[in-house]
Amino acid sequence: MSARTPASPTPARRTTRAAQAKARAVRRRRIRVAASLGILLALGLAVLARGTWEVRTTRLNETHFVTDELTAELRVVQVTDFHNIPRTTQVRDIVELVRAAEPDLIAITGDLVNTHNRTLDPARRLLAGLAGIDAPRYFVDGNHDHWSADHAEVHRLLEAHGVTILDDEHTVITGGFGPVSLIGVDDYFTGNGDLAAAVDGLPDDGFRLVLTHSPEILPELDAHGVDYAMCGHTHGGQIRLPLVGAIYQPGGQLFPRISKGAYTDGDATLYIDSGLGTTGPEFRLFNQSQVTLHRIGPQG
């Protein structure tokens with residue numbers, strides 16, 4: 001008996017198989033798209049949750065500056081860009097972080113409030129809490145303080161809580177660390193600062209510490225004999241990316257050249273702190289709300 005030749009698929013069967021294969025490919029494609037969208041959604045929610053947490057949870061940052069002009073360590077806690085944070089629990093946590101750092105002085109370097117404020121109660125709570133810490137407190141204005149209709153009331157509030165306002169002027173503080181020329185310079189971003197006026201009358205020698213709000217002052221520091229300065233204003237960019245740094249900072253600047261940390265001008269060092277609050281969206285990323293303890297003194 002001769003072998004039977006297999007029957008060839010009919011055109012209808014071939015059409016059915018092709019349709020089934022196409023349907024399977026479509027289902028696989030839909031599954032891949034759904035999985036990708038699910039992953040993107042999960043990542044987006046994770047970033048949103050992280051960014052919100054960084055705004056609402058404050059940490060204590062610490063930095064060191066070595067100088068032989070002081071005989072012992074000077075501990076300065078910098079509180080900057082508070083922006084009238086409304087969350088009572090967070091304000092209480094900020095005060096306790098400052099207290100735990102055991103500061104010799106507290107430097108409030110501007111933008112205590114916003115340009116527009118429904119109430120000054122958040123700033124009042126902060127200042128009342130800081131007043132309970134055994135350390136002198138000093139303040140310099142920021143751009144939002146200047147722009148606010150509450151500017152005069154903010155100054156009255158500061159004075160009522162025992163805070164010294166330094167407006168392009170200096171004072172001398174002493175302690176176990178030795179004498180320090182403490183120089184308060186008004187905000188350079190709004191054109192109100194005058195470093196030359198602030199140092200006028202100071203002796204040439206001795207450690208010079210500047211409190212100010214914005215980093216535009218950097219090119220003038222060395223020429224005026226400043227050893228160390230601290231400011232805020234930039235929020236560190238608010239949103240930062242690893243290996244990239246700041247994406248954006250107040251004033252509309254994209255990928256700013258200076259935004260957070262220590263920068264030098266000759267023999268002078270400026271430390272830019274990313275601060276506590278926010279402007280615009282309440283969002284930070286890789287840039288958590290913070291107060292900074294500056295440990296200034298001799299090596300070791």
Side-chain angles (χ1 to χ4, degrees), residues 49-65 73-114 120-140 142 144-145 154 157-158 161-164 173 175 177 182 184 209 211-213 228-238 240 259-262 271-279 282-297:
R50 175 70 191 191
T52 301
W53 180 85
E54 289 194 21
V55 167
R56 294 169 176 262
T57 309
T58 301
R59 70 174 188 136
L60 177 67
N61 177 49
E62 188 173 307
T63 187
H64 298 253
F65 180 73
E73 183 179 81
L74 167 65
R75 299 169 67 89
V76 181
V77 173
Q78 182 185 7
V79 178
T80 195
D81 294 86
F82 177 70
H83 284 291
N84 223 20
I85 290 174
R87 294 172 289 278
T88 303
T89 300
Q90 186 175 6
V91 175
R92 184 167 61 245
D93 290 344
I94 291 167
V95 171
E96 291 310 311
L97 286 172
V98 176
R99 189 191 313 278
E102 300 181 336
D104 295 303
L105 70 88
I106 299 168
I108 307 170
T109 55
D111 281 3
L112 178 63
V113 298
N114 295 308
L120 295 181
D121 284 348
R124 187 177 289 107
R125 282 192 289 269
L126 175 70
L127 295 174
L130 296 179
I133 299 172
D134 185 22
R137 298 164 307 286
Y138 296 89
F139 174 84
V140 291
H144 285 276
D145 305 310
V154 168
L157 196 59
L158 287 159
H161 286 88
V163 179
T164 300
I173 61 172
F177 40 80
L182 184 65
L209 172 61
L211 312 181
T212 193
H213 179 66
Y228 190 72
M230 58 187 72
C231 73
H233 180 65
T234 67
H235 302 180
Q238 276 192 209
R240 300 177 67 87
S259 62
K260 182 176 182 176
Y271 188 90
I272 306 173
D273 188 43
S274 54
L276 290 161
T278 58
T279 54
E282 281 208 342
F283 191 79
R284 285 175 174 262
L285 190 61
F286 300 110
N287 189 25
Q288 187 180 347
S289 170
Q290 67 179 34
V291 293
T292 290
L293 169 63
H294 299 258
R295 302 179 63 177
I296 306 168

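Quick note: residue numbers are just sequence positions, from 1. None of the values given here were measured: they were computed from a predicted structure. Note: hydrogens, waters and symmetry copies are ignored here, and every other heavy atom, side chains too, is used.
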- Task: List the atom of Asp145, the atom of Asp111, and the distance in Å for their closest heavy-atom pair.
- Result: OD2-N, 2.6 Å
- Message: Working to the nearest 0.5 angstrom, can you tell me the gap between Arg284 CZ and Thr278 OG1?
- Response: 7.0 Å
- Can you sort out the partners of Arg56 under salt bridge (Lys or Arg N to Asp or Glu O under 4.0 Å), two or more places apart, ordered by chain and number? none
- Does a side-chain heavy-atom distance below 4.5 Å link Leu158 with Leu112? yes
- Item | Gap separating the CD atom of Gln238 from the CZ atom of Phe286, nearest 0.5 angstrom | 15.0 Å
- Are the side chain of Arg137 and the backbone N or O of Leu127 linked by a donor-acceptor pair below 3.5 Å? no
- Task: With the side chain counted from C-beta on, respond yes when Ile108 and Leu126 share a heavy-atom pair under 4.5 Å apart, and no when they do not.
- Result: no
- Walk me through it: do Arg240 and Ser274 pass the test side chain to side chain donor-acceptor pair (under 3.5 Å)? CA-CA 11 Å; Arg240 300 177 67 87; Ser274 54; over 6 Å; no
- Query: So how far is it from Met230 CE to Asp273 CG, rounded to the nearest 0.5 Å?
  - Reply: 9.0 Å
- Query: Does the side chain of Val91 reach to within under 4.5 Å of the side chain of Phe82, using non-hydrogen atoms?
  - Reply: yes
- Note on the structure: Scanning both residues in full, the closest heavy-atom pair of Pro86 with Pro122 reads CA-CG, 4.0 Å
- Under the 3.5 angstrom rule, does the side chain of Asp81 hit a backbone N or O of Gly277 as a donor-acceptor pair? no
- Charged N-O contact under 4.0 Å between Glu54 and Arg50: yes
- Query: Is there side-chain contact between Ile173 and Leu209, with heavy atoms separated by less than 4.5 Å?
  - Reply: no
- The reported gap from CD1 in Ile272 to OG1 in Thr109 (rounded to nearest 0.5 angstrom) is 11.0 Å
- Task: Indicate yes or no: does Glu282 engage Arg87 in a salt bridge with an N to O separation below 4.0 Å.
- Result: yes
- Message: Quick one, Asn114 with His144, criterion side chain to side chain donor-acceptor pair (under 3.5 Å). Give me CA distance, side-chain angles, the key distance, then yes/no.
- Response: CA-CA 5 Å; Asn114 295 308; His144 285 276; 5.3 Å; no
- Supply the atom-to-atom distance Asn61 CG to Gln288 CD, rounded to the nearest 0.5 angstrom. 10.0 Å
- Item | Donor-acceptor contact present, side-chain Gln78 to main-chain Thr292, <3.5 Å | no
- For Glu102, what residues pass the salt bridge (Lys or Arg N to Asp or Glu O under 4.0 Å) criterion, not counting sequence neighbours? none
- Closest heavy-atom pair and its distance - Arg124, Asp121: NH1-OD1, 2.5 Å
- Message: Any non-hydrogen side-chain atom of Arg92 less than 4.5 Å from a side-chain atom of Arg125?
- Response: no
- Query: Do any N or O atoms from the side chain of Thr58 and from the backbone of Ile94 form a donor-acceptor pair under 3.5 angstrom?
  - Reply: no
- Item | Leu130 and His161: CA distance, side-chain angles, deciding distance, side-chain contact (heavy atoms from CB on, under 4.5 Å) verdict | CA-CA 9 Å; Leu130 296 179; His161 286 88; over 6 Å; no
- Note on the structure: OG1 of Thr164 to CG of Leu211, rounded to nearest 0.5 Å, is 11.0 Å
- Note on the structure: Note: Gly232 and Thr80 closest approach over all heavy atoms is CA-OG1, 3.7 Å
- Quick check: does any side chain N or O of Arg75 sit under 3.5 Å from a backbone N or O of Ala101, one acting as donor and the other as acceptor? yes
- Keeping the roles fixed (side chain from Asn84, backbone from Ala123), state whether a donor-acceptor pair exists under 3.5 Å. yes
- Task: Locate the shortest heavy-atom distance separating Gln90 from Val55; write the atom from each residue and the value.
- Result: NE2-O, 2.9 Å
- Item | Flag side-chain contact, heavy atom, 4.5 Å: Phe65 against Val76 | no
